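Order of the sequence lines sets the chain letters (A, B, ...), proteins ahead of strands, with each chain counted from 1. The figures that follow rest on heavy atoms only: side chains count, while hydrogens, waters and symmetry mates do not. Here the structure is a predicted model, which means the values were calculated and not measured.
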Amino acid sequence: MKPNNAVTPVQLAVTIISTIIGVSILGIPNFVTEKVGTAAPLSSVLGVLMGGFGILAITLLGRRFPKQTLIGYNQEILGKKIGNFFSIIVILFFLTLMGVETRHFAEVIVGSLLPNTPISIAIFFMIFLCASVSFLSVSTFVYIHFFYLPFIIIPLLIILLPSIQNVTYYHLLPITGHDVSIRMLFSGGMNVTQAVSNFMVIAMLIPFMKNPQKCVKSGLWGYAIGSLFFIITITIALAVFGAEEMKHLLWPTLGLGKMVRIPGDVLSRVDAILLIAWIFAVFTTLFSYYFLYVRGVAELMRSSRYRLIAFLGFPFVFMVASLPQDIYEVYYYVLEVTLVGLIITIIYPVLLFILSIIRRQRGITE
Amino acid sequence: MKKLGMLTIFLISPLFLSACWDSYELEERANILGLAVDLGDMNEIDEIPKVTHIEGETPASVEDTIYKVTAQIAVPGKIKLGPEGGTGEGSEKTAWVLETYGHTMKDALANMQQQLAEKLYLGHLQIIVVSEDIAKQGIIDISDYLRRDIEVRRTAWMIISEGDAHSILKVAPPIETVPALYLAETLNNAVRFGKLPEEYLGKFWINLSDIGVDAILPIVKPINNDRIFVSGLSYFKEEKMAGTMLPLEIGAYLAMIGEAKGGYSFMVSLDDAVYILNSQKRSSVIQVDLQNGTPTAAIDIHIDSELDEEINDGRLDEKKIKEIEKEANAFLEKDVLLNLIKRLQDDQSDILGIGARIRAEYSDYWKREVKTTEQWKKIYKEMNIKVNIHTQIRRTGMEWD
């Protein structure tokens, strides 16, 4: 594992931001609001804090084992066989997640942009795109994230900032919601955690950093900024639409784009810009998942035939993406898969980290 | 291996050559710019085309509703938009106006599609005119299709027509070649000049859905077949139109919600003299309160105005101005605002969102005492709403006397 092009802390943070902002940003305000009503902002802050344990554990593990990836320290901490077993589960999970999220993406594309395009084509090309760049080097991977980030964030801000004109204060009160139990508050927050806790790919990047000791700080920054976008999006969507109207909207963020008027009437249909930015966001997210798969399998097999591995994962993702029959099933799968995902992306790293402390294990430093 | 790779590339490459599935040339689209929805009269038509249904298979409630949908269509490059400057002869000359019938919105549009070579496209829809009769029956049914359709912009306008809705779409202004655009422009500018609340489709739907808020829509009527007159604002009770307010009352409503840009002028009489004040800037605070378990509301309004005209008066001075201000406050409060609020309360239309404010600020009270919207309407009808208005005359124009 010789780093030829080192990853900087800023690049690590950027990768996390653009991985976090993905498919779910279009629909997330609806899911949270449906559960907790006006408590959605509070609930999403809770959700982000819950996800924070995951990023903290992953980066602390990265600092403890600065020369190893997730696959490496899995073996180290759990022993070779069990470690590999869990590595395979993580990889399979991200492939499945990629499948359902690709389908979710294609559903939006066909539903709102290209109604006559066969959905399998939308799915095919997104996976094809991810697969055809995923065998590139780590530095190319972070550069791609770095390149796309402005194209994701700026249009998002173009929608969100002018939307503030349409905000109504009584849509946000009471901040603890109408009759929302603590359990519901957490369950709504969990939806946000499900959406923002897909940052595991950084476990494959930390060994390539020039100074892996800095990964905790930049990891937390990246996570904070990325999930701040979620909190802001949820809050503004709620403040504009109110809890009742939100229940009628399948993709509230897109609804914001359809409602916003840029001062000066420069652009009349901003929703198109939002959708294009969102396609970039989806690509960077799915790309991260697939990259984790390619690198993970390669390390498990001790092979460097990235192209072949990228090619072999393709049918599996495509198959998962083709499973759901209608939009309701898509959302059922998305929610179920990401719920299981919480175990893998948050609980598992935390346990792993605790175990490594108990067993007093440390990676080779210098 | 190499051969396999080549083969894969060959097999995949046709996918890249498919071109665009969704390409629709501009000329193949029938852009609907304006839609008008009326209640259809069974005597007027012999039968509804069976495009989406078979007679007797749909529930009676749907079977008995007949909408007459009128669409103003522009097909770029296909329809001659007429010479610059219309003639006031109706929009049939400058754009294509189609009429069809249907039991629902989609049914009617499907019928319309059946008659057209081009594909109907709603992405440029500017204005939806709904007749008063439909608004009084309830507006949810026709909203559903527009909500679902991905092309409809939430910045389009929905307006209520006095009388037939289709007559609004037939208006053809002499200065704009596309009539529906002119109608939309009339409304957009009315917002800019502070004459209408910014209640376009998206906002209307939000108010319709919100608990404790009722919606409003502008009312228009055609004048002389070449323009429209914004004759008032209709207020809703739930999804049904409950009443209307006059243009001056729109100003009062805008002042109550604190829409910053003032636009309305009003007359103040002192003895024989008449002064016309033009409101320049408005701001307001709506405060809700709970006193001994009964909700109250207080609306505090500030209006900055300019004196635009005086009739039958010799000389203006500081003292006179103060008197005019006092009289203006009394006039606005007693004759305009309190009357309007009384009417809104009687019609149980909570367009100021007092219910939503109480629900937001005193959610315990709402949970305990109100619970349902019906209950809220009862409380709202009886509740005490105070208005406090401060008008200030800042300027009196170029004449110094």
Side-chain angles (χ1 to χ4, degrees), chain A residues 37-39 108-118 120-122 124-125 128 132 165-166 168-180 239-251 254-262 265 268-272 275 305 307-308 311 314, chain B residues 1 4-5 8-9 12 15-16 18-24 119 123-124 126 140 143-144 147-156 188 191-192 198 200-213 257 286 288 352-364 366-367 371 373:
Chain A
T38 53
V108 179
I109 290 299
V110 173
S112 70
L113 209 58
L114 307 169
N116 294 325
T117 305
S120 47
I121 294 297
F124 177 88
F125 275 105
F128 184 78
S132 60
Q165 316 171 69
N166 298 333
T168 316
Y169 90 96
Y170 53 70
H171 284 153
L172 289 174
L173 288 174
I175 44 169
T176 49
H178 293 281
D179 240 346
V180 178
V240 169
F241 291 119
E244 297 304 312
E245 174 72 2
M246 192 91 93
K247 289 173 191 162
H248 291 292
L249 294 167
L250 181 57
W251 297 310
L254 194 58
L256 277 184
K258 279 182 190 283
M259 228 178 108
V260 71
R261 289 187 165 184
I262 306 287
D265 283 342
S268 64
R269 296 204 71 173
V270 205
D271 52 328
L275 269 179
R305 297 177 69 182
R307 275 162 215 265
L308 183 67
F311 180 74
F314 194 108
Chain B
M1 193 61 213
L4 188 71
T8 321
I9 289 170
I12 289 175
L15 283 173
F16 290 93
S18 71
C20 185
W21 271 273
D22 284 278
S23 75
Y24 263 105
K119 189 179 185 315
H124 292 295
Q126 300 283 333
I140 296 254
S143 289
D144 185 81
R147 250 174 208 281
R148 265 177 218 282
D149 194 282
I150 47 165
E151 291 158 357
V152 175
R153 299 185 205 180
R154 287 184 157 240
T155 49
N188 285 334
V191 171
R192 270 182 49 204
E198 211 178 11
Y200 42 81
L201 207 47
K203 287 260 178 80
F204 171 69
W205 282 336
I206 291 172
N207 285 343
L208 207 57
S209 304
D210 264 340
I211 297 174
V213 185
I257 60 168
I286 301 180
V288 292
L352 295 172
I354 291 172
R357 285 166 212 267
I358 287 179
R359 187 166 176 263
E361 288 175 35
Y362 301 98
S363 58
D364 289 341
W366 188 279
K367 204 166 75 191
K371 292 184 187 110
T373 318

Next on the checklist: Please identify, among A:I121, A:T38, A:L254, the residue contributing the most non-hydrogen atom pairs under 4.5 Å to chain B.
Outcome noted: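 The residue among A:I121, A:T38, A:L254 with the greatest pair count is A:I121.
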Checklist entry - Is it true that a side-chain atom of B:K203 and a backbone atom of A:M259 form a donor plus acceptor pair closer than 3.5 Å? => result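 Judged by distance alone, no pair lies under 3.5 Å.
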Could you state the interatomic distance from [atom1] ([X]) to [atom2] ([Y]), rounded to the nearest 0.5 Å?
X      : Y      : atom1 : atom2 : answer
B:E198 : A:N166 : CD    : CG    : 6.5 Å
B:I354 : A:Y170 : CD1   : OH    : 10.5 Å
B:R154 : A:D271 : CZ    : CG    : 11.0 Å
A:H248 : B:I206 : NE2   : CD1   : 11.0 Å

Checklist entry - Does B:D210 reach the side chain of A:H171, with side-chain heavy atoms less than 4.5 Å apart? => result yes
Checklist entry - Is any side-chain heavy atom of A:Y169 less than 4.5 Å from a side-chain heavy atom of B:R357? => result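 Yes; the side chains approach each other to less than 4.5 Å.
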Check each atom of [X] against the heavy atoms of chain A and say whether the ones under 4.5 Å are side chain, backbone, both or neither.
X      : result
B:E151 : backbone
B:R359 : both
B:N188 : side chain
B:Y200 : side chain
B:V152 : backbone

Item to check | Residue pair A:L173 / B:A360: nearest heavy atoms and the distance that separates them | outcome: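 For A:L173 and B:A360, the tightest heavy-atom pair comes out as CB-CB, 3.5 Å.
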Checklist entry - What part of A:L250 lies closer than 4.5 angstrom to a heavy atom of chain B: side chain, backbone, both or neither? => result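 For A:L250, neither part sits under 4.5 Å from chain B.
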Next on the checklist: Please classify the contact between A:L249 and chain B as side chain, backbone, both or neither, with a heavy-atom cut-off of under 4.5 Å.
Outcome noted: side chain
Checklist entry - Step by step, would you call A:E244 with B:S209 a side chain to side chain donor-acceptor pair (under 3.5 Å)? => result CA-CA 6 Å; A:E244 297 304 312; B:S209 304; over 6 Å; no
Item to check | Residues, nucleotides or ligands: over 12 heavy atoms within 6.0 Å of A:F311 CZ | outcome: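 No, not enclosed.
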Next on the checklist: Heavy-atom count check: over 12 atoms from other residues, nucleotides or ligands less than 6.0 Å from A:R307 CZ?
Outcome noted: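 No, CZ of A:R307 has 12 or fewer neighbouring heavy atoms, counting only those of other groups under 6.0 Å.
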Next on the checklist: I need the residue from B:R147, B:R148, B:E361 with the largest number of non-hydrogen atom pairs under 4.5 Å to chain A.
Outcome noted: B:R147
